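A short write-up of the structure that comes next.
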Number of protein chains: 2
Amino acid sequence: MQLHKRDVVDAATTILDEYGISDLTMRRLARELNVTPGALYWHFANKQQLLGAVADRILEPVGEVPGGWRDRIAGLSGTLRDALLSHTDGAELVSASFAAGQSEAMTRIVGHLGAAAADAGVDPAHTDLAARTVVYYVLGFTADEQSRLQWDAAGAELPEGQSALGDDATARFRFGVELLVNGIGVAEHEWVHGTRA
Amino acid sequence: MQLHKRDVVDAATTILDEYGISDLTMRRLARELNVTPGALYWHFANKQQLLGAVADRILEPVGEVPGGWRDRIAGLSGTLRDALLSHTDGAELVSASFAAGQSEAMTRIVGHLGAAAADAGVDPAHTDLAARTVVYYVLGFTADEQSRLQWDAAGAELPEGQSALGDDATARFRFGVELLVNGIGVAEHEWVHGTRA
DNA sequence: ACCTGAACACCGTTCAAGT
DNA sequence: ACCTGAACACCGTTCAAGT
């Protein structure tokens, strides 16, 4: 039977979840699909493009959220982190695809964050930068968190009894989001109180 | 004559600057040093560790800066960006080494930023997070900037006359730093004005 | 249109053996 | 102590040729 883009992305996601990004190779993927490596190049121009499609699959559950600009930024950040944590090496893969400009979903998310920044009163020339700053934070924080998480999971299932102390990663994550939201919010305060030089 | 760690890092930095990170392979590096690939493994445990040493070399010029906490964060961010832009794919290489926890220099820089955040009145439990948030931004922004810069340089030396319009990257970079500094500064305001819930 | 076979030009890492 | 030789187990990508 014929190979479709969907099947390829399905199989790629399965390899990612079960074995991680270092095992997600074109040859391994072809083997899993019972085709020759060359077959993949009929459907995708190169590996980067295929990884971009996997990134978009990972980001599918991240949609627009309702509410004021603060809630929208916090909500998007939270669901983005959740989506990344739902797949092995998710943060690393999406980071790479974002940097390579291969994720349409990421472009969409940056757009939503930019709109929220605009509502916050950020100068139109800088809304995209504010949005990307939030994305850099979420990707960086989550990649860190995930690598520690996966290292712990591999090393030992709770070596000593002290693994629940100090690692409320979610609370720490939210603190960082709050910091960013506050920074974005200063633009608003400045218009209201006229503190701008 | 004997091979020393310094020589290896020197040669690696030269390859990086002249051909980019994708040409910085163990085999290529060995060839340039007139040794067998295996020789490198006497001096470095693996490629990640070697790249960490290159990252530390790149970050050598990034030192502590004087002044109040706002100036220290802005100063460190600026000199960090400058250091990354001084080497081909510098941001990408340092990002990877930072994520892999292989750069001592990066740990030092995060320490300085954390100290500045503490001076800003950030809760001691969150100074490291505030510091890392700044680092995520600088690495993300600069990697983006550098990839565009290098793409433009490769494609054509000014295809049309419009290349100086809208790309004052430094001004944009500073805006993002200001956003972060403002977010960190809100902690201070809250103590002063007692706005905290 | 879609895929195979086979090649091209590489990788990182290990390790017995040499000096 | 430091390095070579040689192997192991892979990579991504291309492309004539087949169906």
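As a basis for the values below, the full set of heavy atoms in this structure was taken, side chains included, without hydrogen atoms, waters or symmetry mates. Remember, it's a predicted structure, so these values are computed and weren't measured experimentally. Throughout, protein chains are lettered first and strands after them, A, B, ... in sequence-line order, and every chain is numbered starting at 1.
A cation-pi arrangement is absent between R172(B) and F141(B), since the terminal nitrogen or guanidinium carbon is not both under 6.0 Å from the aromatic centre and inside a 45° cone about the axis. For the pair R132(A) and Y137(A), the cation-pi criterion (under 6.0 Å, within 45° of the ring axis) is not fulfilled. Relative to the ring axis of F173(B), R81(B) places its NZ or CZ within 45° and under 6.0 Å from the centre.
A distance of about 12 Å separates the C1' atoms of dC8(C) and dC11(D), rounded to the whole Å. Separating the P atom of dA9(C) from that of dA9(D) is a span of 24 Å, rounded to the nearest Å.
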Inset, instruction - Test salt bridge (Lys or Arg N to Asp or Glu O under 4.0 Å) on E64(A) and R108(A) and set out the steps. - result: CA-CA 9 Å; E64(A) 183 58 296; R108(A) 187 194 78 218; over 6 Å; no
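Across all strands shown, dC3(C) forms no Watson-Crick or G-U wobble pair with both key distances under 3.5 Å. As the counterpart of dG12(D), dC8(C) is assigned, both hydrogen-bonding distances of the Watson-Crick or G-U wobble pattern falling under 3.5 Å. The partner of dA17(C) cannot be assigned: no Watson-Crick or G-U wobble pair with both contacts below 3.5 Å exists in any strand.
Between the side chain of Q146(A) and the backbone N or O of A91(A) there is at least one donor-acceptor pair closer than 3.5 Å.
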Provide a list of protein-nucleic acid N or O atom pairs under 3.5 angstrom, restricted to nucleotides 10-12 of chain D.
residue : atom : partner : partner atom : Å
dC11(D) : OP1  : T25(A)  : OG1          : 3.1
dG12(D) : OP1  : M26(A)  : N            : 3.2
dG12(D) : OP1  : K47(A)  : NZ           : 3.0
dG12(D) : OP2  : M26(A)  : N            : 3.0
dG12(D) : OP2  : R27(A)  : N            : 3.4
dG12(D) : N7   : R27(A)  : NE           : 3.1
dG12(D) : N7   : R27(A)  : NH2          : 3.3
dG12(D) : O6   : R27(A)  : NH2          : 2.4

Every protein N/O lying under 3.5 Å from an N/O of nucleotides 1-5 of chain D:
residue : atom : partner : partner atom : Å
dC2(D)  : OP2  : W42(B)  : NE1          : 3.2
dC3(D)  : OP1  : L3(B)   : N            : 2.9
dC3(D)  : OP2  : H43(B)  : NE2          : 2.6
dT4(D)  : OP2  : T36(B)  : N            : 2.8
dT4(D)  : OP2  : T36(B)  : OG1          : 3.1
dT4(D)  : O5'  : T36(B)  : OG1          : 3.3

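Defined by atom type and a distance below 3.5 Å, a donor-acceptor pair is missing between the side-chain atoms of Q2(A) and D7(A). Remark: the Y41(B) side chain and the N46(B) side chain contain no N/O donor-acceptor pair separated by less than 3.5 Å. Judged by distance alone, the side chains of D56(B) and S103(B) do bring a donor and an acceptor atom under 3.5 Å apart.
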